[in-house]
Amino acid sequence: MLLTSIETVKQVPRGLYGSGGAQVAERERKLTPPRGGVFVPRGQVLSTEDVHRALTRIAHEIAEQNRGLRDVVLVGLQTGGVPLAYRIASVLEEVEGVAVPVGTLDVAFYRDDIGLRPVLPEAVTDISFDLAGKVVVLVDDVLFSGRTVRAALDALADYGRARAVRLAVMIDRGHRELPIRPDFVGKNLPTRPDEQVDVSLDGVLLGEVVKR
Amino acid sequence: MRAATRHLLSIADLGAAGIEELLRLSDSFVEVSLRAIPKVPALRGKTVATLFAEDSTRTRLSFETAARRLSADVMTFHAASASTRKGESLRDTAETLAAMGVDAFVVRHSCAGVPVQVARWVDACVVNAGDGAHEHPTQALLDCVTLRQVLAERDGRAVEDCGVEAFEGLRVAIVGDVRHSRVARSEVLALSALGAVVTLVAPGSLLPPSLDGWPVEVSHDLDEVLGSTDVCYLLRLQVERGTAARVPTAHEYSTFYGLNARRARSMPEGAVVMHPGPVVRGLEISSEVADMPRALIRRQVSNGVALRMAVLFWLLGPDRIGLEGPDMDRIGAGHPGSTGDALVEVGGA
């Protein structure tokens, strides 16, 4: 399936963010991609069903590694990781009958490229539980250079000393610039550095950023 | 001067969109302020200098706390310190500090227009922390942050979901020494830009000589206004600027324009009381009212740090691609009663 317009695929499902969903989506569209330009999808990598299957598998892997899910919390990275984190939590509740706390984290203030590109917070961080002694599973949409995850690790340290931090991503596209590796992966997707991957609960698209 | 250098010199340079951007940015810093470790590394390696040629502890400490919570380094310059006493001009002082590698100056001065001048002299961002009777933009912005929180709570919404449209039609009474108040000028600009209806309540002697171009209504009767006001914003009598000669007695002022408990109860349900501080209990506000839940004075102060973090991050943090600062040739042009480039000593008239 080839899609020509980003508007048709970039709809964040309402309810996940509360009434602010549309607003968050609007801001996300404004801020992504970071250097400006328009994302033009070239093809679909994963369908809606594929994304759901991958998230279900990741949820099972998390449950398998942490029997009973005691002390496990999910933290979605703003904004792409947030709907994925909520989806994993709902699968965990269905399968294991355990309500895993979900937080959201914006890493804008911890980035090492402030001043190199527009870095503005996309949404407010919301971690309403104590991280001390917890197993934190960071959830993000795409793992690329690893710099967002590095920033997230710094940010998490300010909220408390987690017992362990794991990383779950929907797409690992390679090109790491830091020694960071994911624990749970939806799909390994070899890409060119200039390509762009768009992840939502509706599917995964591979495309390019076209500067205007 | 680099074309991309940003400043915060006047609310008039921001417009409604700029105010909204800063309010949204401050949401994230309010969250940071609530953490166990309220510090982020966002401005590591940047230096913020506070250049205060007029006494102020609260505003200076608020800016310095904000800078430190962003991991910036802080330099403090007091007017009373050696160099000005030895006769160094403000320009030399600013340029000397700039030569040490300052990224942002926070400037307070008793003359209107000094921050604009400093912005012309140095190659760094400049924040106006109060200049004469001209403006005090961060005070107006932190009050907007506080009001937006209150409006969101009133509607039972998360503050992030509350846009500035909530300010539309909000009735605000600014009461007291408007003549000498830079806070009032910034407040009028910010609130009217967001669509609020502002009424100035003061005796004629405490109003500016001309209100031409001010988007406000004027009243001399506090009791009449309070019944239909959502926000009562009280100003301190600026005795150090000659206010004493403009009111017969403190008691008389307090009787006609002070907010006492009886007056506070006559306000509509949900109406709030604000004050930029320092509060003089028993004069513009009675002690009882200052401690009422509807008085937001403490909350204004704690939001002050978050808002100032937002301002410093906005100036120094993000890349300026596509984010335009004010045009230096146009600065002050949008301000009612603008004095342009001239430095006007306050209270000198």
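All chains are named by letter (A, B, ...) in the order of the sequence lines, taking the proteins before the strands, and each is independently numbered beginning at 1.
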Asker: So, D130(A) and K134(A), do they make that salt bridge, N to O below 4.0 Å?
Answerer: no
Asker: Locate the shortest heavy-atom distance separating L8(B) from L14(B); write the atom from each residue and the value.
Answerer: CD1-CD1, 3.7 Å
Asker: Dump the intermediate steps for side chain to side chain contact (heavy atoms under 4.5 Å, CB included) on V145(B) and Q300(B), then the final yes or no.
Answerer: CA-CA 8 Å; V145(B) 170; Q300(B) 288 170 270; over 6 Å; no
Asker: Pairing donors with acceptors under 3.5 angstrom, does anything connect the side chains of N303(B) and T146(B)?
Answerer: yes
Asker: Could you check whether F109(A) and F313(B) have their ring centres less than 6.0 Å apart?
Answerer: yes
Asker: To check you understand the geometry: which heavy-atom pair defines the closest contact between P121(A) and S28(B), and what is its length?
Answerer: CB-OG, 3.4 Å
Asker: Among the options D112(A), D126(A), V124(A), pick out the one with the most heavy-atom pairs lying under 4.5 Å from chain B.
Answerer: V124(A)
Asker: In residues 158-168 of chain A, which residues are in contact with chain B at a heavy-atom separation under 4.5 Å?
Answerer: D158(A), Y159(A)
Asker: What residue, out of A42(B), S71(B), P38(B), A158(B), has the most heavy-atom pairs lying under 4.5 Å from chain A?
Answerer: A42(B)
Asker: Between D155(B), D161(B), D143(B), D27(B), which is the residue that forms a salt bridge (charged side-chain N to carboxylate O under 4.0 Å, His left out) with R148(B)?
Answerer: D27(B)
Asker: Can you say whether V32(B) sits under 4.5 Å from chain A via the side chain, the backbone, both, or neither, judging by heavy atoms?
Answerer: side chain
